[in-house]
Amino acid sequence: MTSAASPKPTALITGASRGLGAAIARALAPTHDLLLGARSAESLRGILAELPTAQGWPVELTDYAALAEAAAPIGSLNVLVHNAGIADLGTIAESTVDQWRNTLEANLVAVAELTRLLLPALRAGRGHVVLINSGAGLRANAGWASYAASKFGLRAFGDALRQEEPELRVTSIHPGRIDTDMQREIIAGEGREYRAEDFLTPETVAYAVRSAIDTPRDAHPTEVVLRPY
């Protein structure tokens, strides 16, 4: 595990095996020691081959005993990027209790618990917590109720964390739709043709994350909102 004496700051990115998480890893790799999170070691093989100096951090984020064990060796942390999440969409009339529970668990409860576990390390590193939120965290649309509720909650979590931990910086990133595998699944579920040019690229959103992290310490970038042009 990377130590506090490392010449580079340390960043932990969840959901880093593909899509936006992998793009954020590539953006931070030149200047940070990386811990790359995913559900399994197998899913991290590709990005670790691409970024051989990074370390894998495979853990199921909703397995809280395993999460505590994985977080325990981290003594100091400079950046925590909460990117992992799910999008289980559907109307309220068609929704189930399990859908609501699973969405809130993955997108909000697991984020809160991982942050809580890492607070000592973040305090030691004067850390920066980056929450990958969504446009759905600012406005809810039909068919997105459980997802939007999880993202509204994530924004509230960030607001509270910012006040409770004044030595930390907390940034909520609210991108519009991004060209990822998840987006392809969403568009297929909506029965529409997929047009990659209609969406933000993962690299653009990763650039915004990197810019927030690179902002000098005399400023606190609290929210960044991105929309496809």
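At a threshold of 4.5 Å between side-chain heavy atoms, the hydrophobic network of Ile, Leu, Val, Met, Phe, Trp and Tyr places Val59 and Leu117 in one connected group. Cluster membership for Val109 and Leu154, using ILVMFWY side-chain heavy atoms within less than 4.5 angstrom, is shared. Hydrophobic clustering of Ile, Leu, Val, Met, Phe, Trp and Tyr side chains at less than 4.5 Å, counting indirect connections, unites Ile74 with Leu119. Hydrophobic cluster membership differs between Val225 and Val170, with clusters built from Ile, Leu, Val, Met, Phe, Trp and Tyr side chains linked at under 4.5 angstrom. Under the 4.5 Å side-chain heavy-atom criterion for ILVMFWY residues, a single connected hydrophobic cluster contains both Val79 and Leu51.
Listed here is the closest heavy atom pair of Leu20 and Pro202: CD1-O, 3.5 Å. When all heavy atoms of Lys151 and Asn107 are compared, the pair lying nearest together is CE-ND2, 4.4 Å.
Other residues, nucleotides and ligands contribute only 12 or fewer heavy atoms inside 6.0 Å of the CD atom of Gln163. Counting heavy atoms of neighbouring residues, nucleotides and ligands inside a 6.0 Å radius, atom CD of Glu203 exceeds 12 of them. The environment of Arg177 atom CZ is dense: over 12 non-hydrogen atoms of other residues, nucleotides or ligands sit within 6.0 angstrom.
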Let me have the donor-acceptor pairs involving side chains of residues 135-148, under 3.5 Å, with sequence neighbours excluded, atom names and distances please.
unit_1	atom_1	unit_2	atom_2	d
Ser146	OG	Asp88	O	3.4
Ser146	OG	Gln99	NE2	3.0

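A donor atom on one side chain and an acceptor atom on the other are found under 3.5 Å apart for Thr62 and Glu60. Side-chain contact annotation: Thr171 with His128, donor-acceptor N/O pair under 3.5 Å present.
Each of Asn133, Thr115, Thr14 was checked for a side-chain hydrogen bond (donor to acceptor under 3.5 Å, both in side chains) with His82, and the lone residue meeting it is Thr115.
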**Item:** Intermediate values then yes/no, side-chain contact (heavy atoms from CB on, under 4.5 Å), Val111 and Leu131
**Value:** CA-CA 9 Å; Val111 170; Leu131 304 169; 3.9 Å; yes
**Asked** Would Gln183 and Thr180 satisfy side chain to side chain donor-acceptor pair (under 3.5 Å), going step by step from the backbone distance to the final call?
**Response** CA-CA 5 Å; Gln183 193 64 239; Thr180 62; 5.2 Å; no
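Checked against salt bridge (Lys or Arg N to Asp or Glu O under 4.0 Å), Glu185 has no partners two or more places apart in sequence or in another chain.
For Phe152 and Phe157, the ring centers are positioned 6.0 Å apart or more.
A 4.5 Å side-chain heavy-atom check between Leu118 and Val129 finds every atom pair outside the cut-off.
In summary, Arg123 and Glu167 do not engage in a salt bridge, as defined by a charged side-chain N under 4.0 Å from a carboxylate O. A salt bridge does not link Glu165 with Arg162: none of the charged nitrogens is closer than 4.0 Å to a carboxylate oxygen.
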